[in-house]
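Notes follow once the structure below has been shown.
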Amino acid sequence: MKNDFLYGVGTSASQIEGAYMADGKGLSMADLLPVNKNERFKCVKDGSFALANYDANKKYYPAHNAIDFFHTYKEDIELLAGLGINSFRLSIMWSRIFPTGEENEPNQEGLDFYVKVIDECLKNHLEPIVTISHFDTPVELIKKYGGWFNRKLIEAYLRLCKALFRTFQGKVHYWITFNEINMILQLPFVGGGLCFKTSENREQKMYQAAHYQLVASSAATKLAHQIDSKNKIGCMLAAGEVYPYSCNPQDVFAALQKNREQYFFSDIQVRGYYPSYANELFKQKNIKLDILPQDEEILKNTVDFVSLSYYSSRCTTTDPQVQKNVTDGNAFESVKNPYLDTSEWGWQIDPLGFRITLNNLYDRYQIPMMVVENGLGAVDTLTSDRKIHDSYRINYLKNHLNALQEARKDGVDLLGYMAWSGIDAISASTGEMRKRYGFIYVDYNDRGQGSGKRFKKDSYYWFKTWLAEER
Ligand code: BG6
């Protein structure tokens, strides 16, 4: 492919692997999330609720079986490679390697699984792009320490990193330290395993946990470079430009502040220190953080590239009337933008917003970037002759790939583009199977019932042709 640009697909362990107790694996945060919409919604915001209501005998937990990639990885990787892609983004389930998060030695059987998966990628000429932590903090670390609110988690995370960097030295060169690190502010249990008491300052807790993750990410960057100078480490944002609803300066300033909520994380990971606006932000929110002088030293280990997910743009206003008209978008509530259509789940569809987001991020940081998630969650119908006519997905991807090309022409230095999710996976936000993103259909429903067979969608053939023409 031109200039070795990475075209691939992205997945995460808890959304595809299943086998949630195999080979000594411990429970992960994701194992505790039920499919029931209302209950799941409460869990993702607060781990106290998730821990108190977990009952595997009575309820269905989609991550327990997912699409059974644990057993089908060979066929699945081969099918995906058939698209003509040259890279595959996957994540490591932390509790497969360290079941409680605190063992001195990694669980060899857990590691072996990923050795097989990575070897399979390499056999199929797929560059592995590995997310170290993708929404799967081990439950034991949550019970014992309250998740990322405790500094102890840094040490536990680095133990995982060390095991991975050593095991995959020479095989994996691209690492992402935390999936969508800014998501901790939207979904604190998902992003950081956080649990709350009713009266506490939630933001104090979230920003403290974020600080420990930022320190852990920088320490991991240092370690990765020490173990193999060829390692490239990326931070990752759940990105999507926030537009002002109107040109009223009040709206423009509100949008600036909303955008800073996401940039706060990458500002630190790319520049190596807290941004100047953080002081005022913390003062307003009455936040006091435990930041040690040695933390500030560690933060100086900055990332090699910025990665991002992009599904939609967002919009904000200070007008109380307009504020009433909201819609969803990857856990970020947004004011409805009258110029945009939405997906079946209310996420606004905005390819130009993709180009805008890429340009703004690149203007801000001027280091290479990688798109590691982009796609459309939609209901697909499997016809009686086993076809899936997903023209809506083709349209979405065609327009976004076009915007990507335009952004490259604008001068944005991009390393690659991964479509989410290549193969159907359970939805991270809803736990549903029917919210499908893949080029490959997997025959399971929201209760995990079905043959599990894989079928190529129309988008599979379309993407394959698109990629071939791109060469
Ligand atoms: C991102 C996550 O937030 O969005 C993925 O990194 C997730 O894990 C993707 O699957 C799409 O969101 P959802 O909720 O539709 O699965």
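Nothing fancy with the numbering, it's 1 onward along the sequence. We count ligands from 1, going down the list as the structure has it; atoms in each ligand are counted the same way.
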Contact region, Ser12 to ligand 1, non-hydrogen atoms below 4.0 Å, reads neither
Taking distance alone, with no angle check, do Gln15 and ligand 1 share an N/O pair under 3.5 Å? yes
the protein heavy atom lying closest to atom 11 (C) of ligand 1 turns out to be Tyr437 OH, 3.4 Å
A student comparing Glu373, Met183, Gln186 should find that the heavy atom closest to atom 1 (C) of ligand 1 comes from Glu373
* **Residue Asp55 excluded, over 12 heavy atoms near CG under 6.0 Å** => yes
The single option from Asp380, Asp424, Asp446, Asp443 that satisfies salt bridge (Lys or Arg N to Asp or Glu O under 4.0 Å) with Arg434 is Asp446
Ranked by distance from atom 16 (O) of ligand 1, the top protein heavy atom is Ala428 N, 2.7 Å
Output for pair (Leu111 CG, Asp23 CG), nearest 0.5 Å, gives 11.5 Å
Practice problem: Show your reasoning for whether side chain to side chain contact (heavy atoms under 4.5 Å, CB included) applies to Gln15 and Ile423. | Solution: CA-CA 10 Å; Gln15 293 173 264; Ile423 186 162; over 6 Å; no
Under 3.5 Å side-chain donor-acceptor pair for Tyr212 and Gln208 | yes
With heavy atoms and a 4.0 Å threshold, my read on which part of Trp347 contacts ligand 1 is side chain
Within the 4.0 Å heavy-atom cut-off, what Trp420 brings close to ligand 1 is side chain
Among non-hydrogen protein atoms, atom 14 (O) of ligand 1 lies closest to Ser429 OG, 2.5 Å
Per-atom filter on ligand 1: closer than 4.0 angstrom to a heavy atom of Glu180 are 1 (C), 2 (C), 3 (O), 6 (O)
In Tyr157, Phe135, Trp94, the residue satisfying ring pair (Phe, Tyr, Trp, His ring centres under 6.0 Å) with Phe178 is Tyr157
Does ligand 1 have an atom that lies less than 4.0 angstrom from a heavy atom of Trp345?
no
